[in-house]
Amino acid sequence: MIELNNGKKAPEKNSSNGIFEDYLNNVVIFDNKEVLRPTYTPDYLPHRDEQIQSVASILVAALRGDTPSNILIYGKTGTGKTAVVKYVGKELEKTGESHEMPCYVIYMNCEVVDTQYRLLATLARHLGKEVPMTGWPTDQVYEEFKNSLDKEKRVVIVVMDEIDKLVRKGDDVLYNLSRINADLKNARVSLIGISNDLKFTEFLDPRVKSSLGEEEIIFPPYDAEQIHDILEQRAKIAFKQSALDETVTRLCAAFAAQEHGDARRALDLLRVSGEIAERSKSSIVEERHVRLAQDKIEVDRIVEVVRTLPTQSKLVLLSVLKIKGRLEKTGDNISTGEVYTAYKQMCNDIGADILTQRRITDLISELDMLGIVNAMVVSKGRYGRTKAISLSVPEDNTKNVLMEDYRLKPLEDFIPIMPNVAQSQLF
DNA sequence: CTTCCACGGGAACACTGGGGTG
DNA sequence: CACCCCAGTGTTCCCGTGGAAG
């Protein structure tokens, strides 16, 4: 322990047991909380046998030394796509070892690895190549990867999770990867793309589209019954015996089923419910905890999103809030022009750079995507076209989070000047 | 039919953080 | 060391366009 106050002895007025003892003596609800986290891959995936079989039946070609067809996997979030692919991949590598047919599965999340360069660099690094984070020309990285890949006879399965995120930034990599086999003498590559977006192939180069989608597998959402099974299976490991009220898993499943059958959400809900119960010193998780958890998850999400917004976006959001404050009675939607004038004033006040209106349009659209505001383009006839913006998160809450940012602090009491409104109200 | 305001696509640019070469 | 190359990102500039009120 580090002594912080110059040798002066800290007064021991906290309970004689120390601050943690109290908590340790609390009723424990969890046995193993890890199994409720999204990162955990269980050994058995209920209600996904069919999909596992499909993937396996395609990948089995690898064990015979052939190149498996490329696969595209579709399905909404939390339908077990990633879990299934990882599971089958693990099995494939294991079986490959015992059959002396080396198979490697390289898993990548394209939300993180979202550019050509980074994708190729990650692949090369998986093969033990040193590639700098930046600096090289892309084709050099490609060559590196190709050469080290081709050194021995093997089949490499490249899994690209959230592949739709990658496609938006140009599909050159996918084109190159899908043709790489023509350049290889020993090794073989096959691709698995995982997408949340059913329509993402529309933006794809037709050549890539046909090669990538040789096989397509669709993961339907779970229904409430199936989610319930999943929860039961994990809850058995996660919770102490009889710590769960019978209705709890049912309720979690029902909530998640409403949201397009997202199992990940259901597990989150169950875990947070447990945590809330634990904190409120209840020995069992009850229905009310689930309802509390439902709210908490949503609030946490928003707070986190708003907090991590770039300053410029925060300014835009604050403009919306400020104008909303002034329009309270009318409850009108806000237009881009209004936001932009308020935004400019605030930038001046705190000495921030002023971005162009074009850029602000984009920032507003981003806020819309994040679900913080709602922006709809409307045509107001003679008075032109604009976005009708309204807030879709609690006002006070959001404001507090924004004010945590020291750069925005001086704007706490800022009042936007709105010529059209102010004048008509004054006279 | 005109008019108006901002939407939103696309090109161009600036800047960053990292190469490699002479 | 100076210098130029490269990918990636955020931004500005330019501009054609939508669509209902007037």
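Keep in mind that the numbers below use all heavy atoms, side chains included, and drop hydrogens, waters and symmetry copies. Note that this is a predicted model, so its numbers are computed, not measured.
For the pair A:I334 CD1 and B:dC5 C1', the interatomic distance rounds to 17 Å; values are reported in whole Å. Summarising the geometry, the separation between CD on A:E338 and P on B:dC7 is reported as 12 Å, rounded to the nearest angstrom. Rounded to a whole Å, the CD atom of A:E366 is 13 Å from the P atom of C:dT9. Separating the CG atom of A:D139 from the C1' atom of C:dA7 is a distance of 12 Å, rounded to the nearest angstrom. As rounded to whole Å, 15 Å separates atom P of B:dG18 from atom CD of A:E130. Between the CD1 atom of A:I364 and the C1' atom of B:dC5 there is a distance of 13 Å, rounded to whole Å. Between the P atom of C:dG8 and the CG atom of A:L119 lies a distance of 10 Å, rounded to the nearest Å. Atom CZ of A:R118 and atom C1' of B:dG18 are 13 Å apart (whole Å).
Ion pairing between A:K94 and A:E91 holds under the 4.0 Å rule for side-chain N and carboxylate O. A salt bridge between A:R301 and A:E298 is present, with a side-chain N of the basic residue lying under 4.0 Å from a carboxylate O of the acidic one. Using a 4.0 Å cut-off between charged nitrogen and carboxylate oxygen, A:R358 and A:D362 count as a salt-bridge pair.
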Contact letters for nucleotides 10-22 of chain C, in which S counts primed atoms plus P, OP1 and OP2 and B counts the base, heavy atoms under 4.0 Å: -SSBB--BBBBBS

Distances under 3.5 Å between nitrogen or oxygen atoms of protein and nucleotides 20-22 of chain B:
unit_1	atom_1	unit_2	atom_2	d
B:dG20	OP1	A:W136	NE1	3.4

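For A:K165 and A:N109, the side-chain atoms include no donor-acceptor pair closer than 3.5 Å.
A:F414 places none of its side-chain heavy atoms less than 4.5 Å from the side chain of A:L318. The shortest distance between side-chain heavy atoms of A:L370 and A:L309 falls below 4.5 Å. For the pair A:R188 and A:D66, the minimum side-chain heavy-atom distance is 4.5 Å or more.
Judged by atom type and distance alone, A:T134 reaches the base of B:dG17 through a side-chain donor-acceptor pair under 3.5 Å.
Between C:dA7 and A:T115, no contact under 4.0 Å exists linking OP1 or OP2 to a side-chain N or O. Between A:T361 and B:dG8, a side-chain N or O to OP1/OP2 separation shorter than 4.0 Å is absent.
Remark: A:K33 is positioned above the aromatic ring of A:F30, its terminal NZ or CZ atom under 6.0 angstrom from the ring centre and at most 45 degrees off the axis.
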Test salt bridge (charged side-chain N to carboxylate O under 4.0 Å, His left out) applied to A:R271 and A:D268, step by step: CA-CA 5 Å; A:R271 177 173 51 82; A:D268 262 351; 2.8 Å; yes

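Listed nucleotides B:dG8, B:dC7, C:dA7 differ in distance to A:Y117; the shortest reach to its side chain belongs to C:dA7.
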